[in-house]
There are 2 protein chains.
Amino acid sequence: MTRPRSRRGGGRPTISDVARKAGVGAITVSRALREPERVSEELRRQIQAAVDELGYVPDPNARALASARAEVFGVLVPSLTNNVFAEVVRGIYDSLSASPFRIQLGNTHYSGLEEERLLQLFGSQRPAALIVAGIDQTPASRKLLESAGCPVVQVMETGPDPVDMMVGFSHLDGGRAATEHLIEAGYRRIGFIGARMDPRSQRRLAGYRAAMEAAGLFDPRLVTTTPVLSSVSLGREMFRDALAKVPTLDGVFCNNDDIALGVLFECHRASIAVPKTIGIVGFNDLDMMQVAFPSVTSIRTHRYEIGRRAVAMALAAIAGNRPEQRIVDLGFELKRRESTAR
Amino acid sequence: MTRPRSRRGGGRPTISDVARKAGVGAITVSRALREPERVSEELRRQIQAAVDELGYVPDPNARALASARAEVFGVLVPSLTNNVFAEVVRGIYDSLSASPFRIQLGNTHYSGLEEERLLQLFGSQRPAALIVAGIDQTPASRKLLESAGCPVVQVMETGPDPVDMMVGFSHLDGGRAATEHLIEAGYRRIGFIGARMDPRSQRRLAGYRAAMEAAGLFDPRLVTTTPVLSSVSLGREMFRDALAKVPTLDGVFCNNDDIALGVLFECHRASIAVPKTIGIVGFNDLDMMQVAFPSVTSIRTHRYEIGRRAVAMALAAIAGNRPEQRIVDLGFELKRRESTAR
DNA sequence: GGAGAAGATGGTAGCGCTACCAAATTGACG
DNA sequence: CGTCAATTTGGTAGCGCTACCATCTTCTCC
């Protein structure tokens, strides 16, 4: 003689409460909520009324258990505070907020091992889709992605060999464009300053190097890098190092805008004329770059749009019409500003 | 004659697979995983071996359904890209990454209605705890929080009447401290520039006003605000407006560091001497403020620590020993820098 | 008008896990 | 040595939902 377990859920209405109130079967309520077109107009209305009256909200856990699919997008980024990824996440979030899908965020801290751990963890939830930053997954991570059994979108980069789909742009081309711009502007001893040399930064550096070599200007002493996390203050310090190493430096292509800003401030402090004595180019084009004095040339990237696009592609794939274009290159724009206008 | 539903989960091992392999009951496996101290040393080892061999990962959905409690922290912030909240989220994330709890992030976009909607949605998951930014919830939101049946931590502010627990600091005191510092430094026509006037900014403004009135310096024309989202470029524009309105302006307390940076850049551009002609104080003390030229005085707030503390309090409450101090004031620090050193 | 297709609805049996109780084992103690 | 409590283990019955049929109505078409 087992009495029912007195509503563990704390008395929240369930699908059967709704069904009883609407005078239909539970399964019909379920359908009315998920595939309204398969339920008659009339029942749909009755059910909706019952839902509203009871304040019914489906339990996503029960749903996930029964359907073996959680309404969750797993999102893996290397940093939560880096504005660049925050913008991507915002794009993902905004595109998903009108859908039933939730976001499961993972911060890899730029670590391949942590990425593996998180993918393993996310897999246990059977997410509806996975969005991961970058294309340099470890072999184990790649295997996990391939066997996830859901759409996978790699974002922020493009490359020849997507796990599934890809939205991003070429960091190598971005680095090259930035460097070529400096060369065209007449700078010659152009340094590269890069912090936190993740794969994307490596490719920007490769682009820099390609441009410099093509112009016969490359000199390894011009390159200053560190694995330390990027920050404005680090930019300042690295610029001082770079200048100490190569006093004839007349331009810098920075890994990102934080570094560029640090360089700019140090120039002010040391009374180095920008763009006359030193030209500066950043990467990502944060809002403040066009406001800075002098305004700073940068490579505008479309982070928010990348997030939106990734979601759109994943949703299409979930709906069964996988986009034929599996690799989307959203490109970048060189924003010419005062910092290189000499 | 119903054949079993051929493993919807795609062949992932379940708790009974582990139980069979370890030669114990399923419930013992469950216990060994959740309350190891209640299972004998020997069985624990056997079970662990079976788990490792099969690569078993518990299904969080089934777990949540059976226990009527999801291992999820609901986190509500008004913005994902504002570095301030990103830091709080990072603190929360880092403190939770070693625990079984996941994070369910919600972006309210500074909207009370959206907050209500998200709380409603989060409630359907029966989260283990809720962390929400601010103390100005709508009555409906407050009711939802009170009836959530889990620990609730309001963060970023302090106030007299927590729903449950609270970690933050006084924005009013921060605003007052910033303004008093400007007054002590000899500035008199001190403006307030504030974008996105959310409740926290309102309180900073109230602190500014209190300090100005106490010194007999308050003048409503000194206050420039807008509901528009804050940005560096907006800071620049607002400063120009403020200066046009009050040409004798000799100092500004900015809503936040983005605005302060915009003011600083505009001063450079317009050749206004900082700190000689204009003194500038920001709020939050982002890394770049100490690197800027001149470095910018700001109110250092402890965002990361707030996130960590909120999680610590929630975890303690979940474990049954609710902290006796329900309101934690982490305070702030006035960082005096060149922008007010005249 | 009847056969068959198409559409609408419902019943049953789980999804993988844990709450609740029961049972078995051990130890303590008068 | 028997009683009682504490400790360890397991069985049963769901949690709230949906997949998979089965059933019942229409509707179509020859």
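Here is how names work: the chains are called A, B, and so on, in the same order as the sequence lines, proteins then strands, and each is numbered from 1. Quick caveat, the model's predicted, so the values are computed rather than measured.
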#### Entry: Interface with DNA chain D, restricted to residues 26-33 of chain A and to heavy atoms under 4.0 Å
A:Ile27, A:Ser30
### Task
For a salt bridge (Lys or Arg N to Asp or Glu O under 4.0 Å) with B:Glu71, tell me which candidate from B:Arg102, B:Arg34, B:Arg63 qualifies.
B:Arg63
### Query
So, is B:Arg34 close to the C:dT18 phosphate, meaning a side-chain N or O under 4.0 Å from OP1 or OP2?
yes
### Query
If you look at every heavy atom in B:Val72 and B:Gln104, which pair is closest and at what distance?
CG1-CB, 3.5 Å
## Note on the structure
For A:Asp94, the side chain to side chain donor-acceptor pair (under 3.5 Å) test, sequence neighbours excluded, returns A:Tyr304, B:His109
### Summary
To the nearest angstrom, the CZ-C1' distance between B:Arg20 and D:dG10 comes to 16 Å
### Query
Pick the nucleotide of DNA chain D nearest each of B:Arg38 and A:Ile15; which residue has the one closer to the 5' end?
B:Arg38
#### Entry: Nucleotide C:dA6, atom P - distance to CD of A:Glu37 in whole Å
17 Å
### Query
Looking only at side chains, do B:Glu115 and B:Thr138 share a donor and an acceptor under 3.5 Å apart?
no
### Closest to the A:Arg63 side chain, choosing from D:dG10, D:dT18, C:dT18
D:dT18
### Query
Salt-bridged, B:Lys143 to B:Glu146, with N to O below 4.0 Å?
no
### Message
How many whole angstroms separate atom CZ of A:Arg12 from atom P of D:dC15?
### Response
14 Å
### Query
Can you tell me if A:Arg200 uses its side chain to pair, donor with acceptor, with the backbone of A:Met156 under 3.5 Å?
no
### Summary
Between CZ of A:Arg126 and P of D:dT18 the distance, given in whole Å, is 15 Å
### Task
Calculate the interatomic distance between B:Glu35 atom CD and D:dT8 atom P; express it in whole Å.
12 Å
### Query
In residues 39-50 of chain A, which residues come under 4.0 Å of DNA chain C by heavy atom?
A:Val39, A:Ser40, A:Leu43
### Qualifying residue for side-chain hydrogen bond (donor to acceptor under 3.5 Å, both in side chains) with A:Arg45, from A:Gln48, A:Glu42, A:Glu41
A:Glu41
### Query
Expressed in angstrom and rounded to an integer, what is the separation of B:Glu71 atom CD from C:dC17 atom P?
12 Å
### Message
Does either side chain, that of A:Gln137 or that of A:Gln154, offer a donor lying less than 3.5 Å from an acceptor on the other one?
### Response
yes
### Query
Between the main-chain N or O of A:Thr14 and the side-chain N or O of A:Asp17, is there a donor-acceptor pair closer than 3.5 Å?
yes
